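Data block below; observations after.
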Amino acid sequence: MCGIIGIVAHSPVNQSLYDGLTVLQHRGQDAAGIITSDGERLHLRKNNGLVRDVFHTRHMLRLHGNMGIGHVRYPTAGCESSAEAQPFYVNSPYGISLAHNGNLTNANKLKQELFQEDLRQINTDSDSEVLLNVFAHELQQCGKLRMDVNDVFSAISGVHKRCRGAYAAVAMITGYGVVAFRDPHGIRPVVYGKRVTPEGTDYIMASESVALDVLGYDLIGDVAPGEAVFVTLDGKLHKQQCAENHSTSPCIFEYVYLARPDSIIDNISVYKARLRMGDKLAKKIRRVRPDYDIDVVIPIPDTSRTSALQLANNLGVKYREGFIKNRYIGRTFIMPGQQQRKKSVRQKLNAIDLEFRDKTVLLVDDSIVRGTTSSQIIEMAREAGAKKVYFASAAPPVRYQNVYGIDMPSSKELIAAGRTEEEVGAEIGADWLVFQDLEDLVKAVGKWNKDIKEFDASVFTGEYITGDISGDYLNALQATRSDAAKKDRRDKDNEVIDMHNTA
């Protein structure tokens, strides 16, 4: 899960890119980067940290140009090196920069091809650099000193033929323009819009429509699965379907947790989808526990608020804000290690005793992944005086690894893997636990877009939409993305730093 943005305008874009990345900060808190172009020269700033920490006034003043792209990173492989901050850049051909959200499932095979056949060297462990070099190689095949729009679309067709997995990307071609493209399944989101100014029409591409809203752009629509949208320096927009086989199969977890509620993705309001999740979950509670004795419904901020409020209204139960959140602590789901996640929950939330004391409380969260946050919050509710603590998840049990860019690495680290719902409830310490049914979740999200025939719901079902995921691949993924593997890499990095400082 990362955030991407690209702008082609008639005035400097540095501030707009910064503001857009700030709005997309929820999609990645590990690193941020912006690259701009003022004709033939590029200006780059990227580093680890939040947007506000990476870019200072001196950096912003150097980001000249009316065209640029930006990125906020959430590393699924747990890398903390600033070398893997995006955007990435290759000199040949033309000078191409790229920012990517997603994960290539055949990255290792592509690395070998790039080195042995395409004669290209990959300098990091990032699959985004692989995607950039595949695109660059395909564009180089046009063999022209000056390329044109059709060459860009032909290159992206080549990318679709070679790359597997999830990818939503924006690429800036120096002296030409910015192109956004999306994998043939449309697993990760990217939208585009325009803004009419006295100088002409400006265009934007971004992961979520909320970035367009904040910057004053009108939403045109989603980049369709397999499609490319190319905006040239002269302010003209071109688009073309570049995949032979394509279908709209977006990741359903975007609507559950990843996206902001004020975004529209694939013509579906995230806010409306979460309201319907609350309705569906309330109906299930009425069905399986008709004599429910719930005194109050309390959301676990922030993502679950919308679902929890609708659930409470449907059940005719009081809705209360029982937890106060410290806004300066990041999302615990994307903390790099289990110990840091455990520590941050207590720092992030504080219970209001009056809302819990002597009450049967239903806590509502968007999902349960590792269970770390859930168990600690239930414990906090009991410490605040709750008589009974029930727990509701707006999503089904997360039992399987995600291979498309979300950090759900090892099945051993997913609390619902290999456990019944009752066992999960006991594990997190709830008096009663209820999960959303997958069928209800699909209906809640897909109601307003009948063109979506299937969602990627692999974290719930273990069925991967691209059809190319083997047991060996999942085992290899576990070996590199588990908390233990991430700790080993951090320890090795620290050893290198210590050796450098000693030298």
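This structure is a prediction, so every number in the text was calculated from the model and none was measured.
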Would you find a donor on one side and an acceptor on the other, under 3.5 Å apart, between the side chain of [X] and the backbone of [Y]?
| X | Y | value |
| --- | --- | --- |
| Glu84 | Asp125 | yes |
| Ser375 | Gly371 | yes |
| Arg399 | Arg419 | yes |
| Asp353 | Ala384 | no |
| Glu427 | Val424 | no |
| Ser307 | Met277 | no |
| Arg320 | Val297 | no |
| Ser209 | Ile264 | yes |
| Lys46 | Pro87 | yes |
| Asp440 | Gln436 | no |

Can you confirm whether the side chains of [X] and [Y] place a donor and an acceptor under 3.5 Å from each other?
| X | Y | value |
| --- | --- | --- |
| Ser470 | Asp472 | no |
| Thr124 | Glu129 | yes |
| Asn314 | Gln310 | no |
| Ser82 | Asn48 | no |

Distance flag, aromatic centroids of Tyr167 and Phe135, threshold under 6.0 Å: no

Pairs touching residues 299-315 that satisfy salt bridge (Lys or Arg N to Asp or Glu O under 4.0 Å), sequence neighbours left out: Asp302-Arg305, Asp302-Lys325, Asp302-Arg327, Arg305-Glu321

Sequence neighbours excluded, every pair satisfying salt bridge (Lys or Arg N to Asp or Glu O under 4.0 Å) that has a member inside residues 263-285: Arg182-Asp266, Lys284-Asp437

For Glu454, side chain to side chain donor-acceptor pair (under 3.5 Å) partners two or more places apart: none

Those residues that, when tested against [X], pass side-chain contact (heavy atoms from CB on, under 4.5 Å) (two or more places apart):
| X | value |
| --- | --- |
| Leu309 | Asn313, Tyr319 |
| Asp358 | none |
| Arg162 | Leu110, Glu113, Leu114, Asp118, Val134, His137, Glu138 |
| Ala166 | Asp183, Ile187, Arg188, Tyr404 |

Verdict with reasoning, Val23 to Asp19, per side chain to side chain contact (heavy atoms under 4.5 Å, CB included): CA-CA 6 Å; Val23 173; Asp19 293 340; 5.8 Å; no

Out of the candidates [options], only one should pair with [X] under the side-chain contact (heavy atoms from CB on, under 4.5 Å) rule; please name it.
| X | options | value |
| --- | --- | --- |
| Tyr464 | Asn402, Val459, Leu474 | Leu474 |
| Val72 | Val51, Thr22, Asn101, Leu50 | Val51 |
| Phe391 | Val434, Ile368, Leu362 | Ile368 |

Set of residues satisfying ring pair (Phe, Tyr, Trp, His ring centres under 6.0 Å) with respect to Phe460, sequence neighbours excluded: none

Side-chain touch Ile4/His71, heavy atoms, less than 4.5 angstrom: yes

Other residues, nucleotides, ligands: >12 heavy atoms within 6.0 Å of Asn123 CG: yes

Neighbour count above 12 (heavy atom, 6.0 Å) for Arg289 CZ: yes

Qualifying side chain to side chain donor-acceptor pair (under 3.5 Å) pairs with a residue from residues 443-453, counting only residues at least two apart or across chains: Glu439-Lys443

Where at least one partner belongs to residues 291-301, residue pairs that pass side chain to side chain donor-acceptor pair (under 3.5 Å), sequence neighbours excluded: Asp293-Lys388, Asp293-Tyr390

Salt bridge (charged side-chain N to carboxylate O under 4.0 Å, His left out) involving Lys111 - partner list, sequence neighbours excluded: none

Which donor-acceptor pairs under 3.5 Å do side chains of residues 211-221 form with protein atoms, sequence neighbours excluded?
residue, atom, partner, partner atom, Å
Tyr217, OH, Arg195, NH2, 3.2

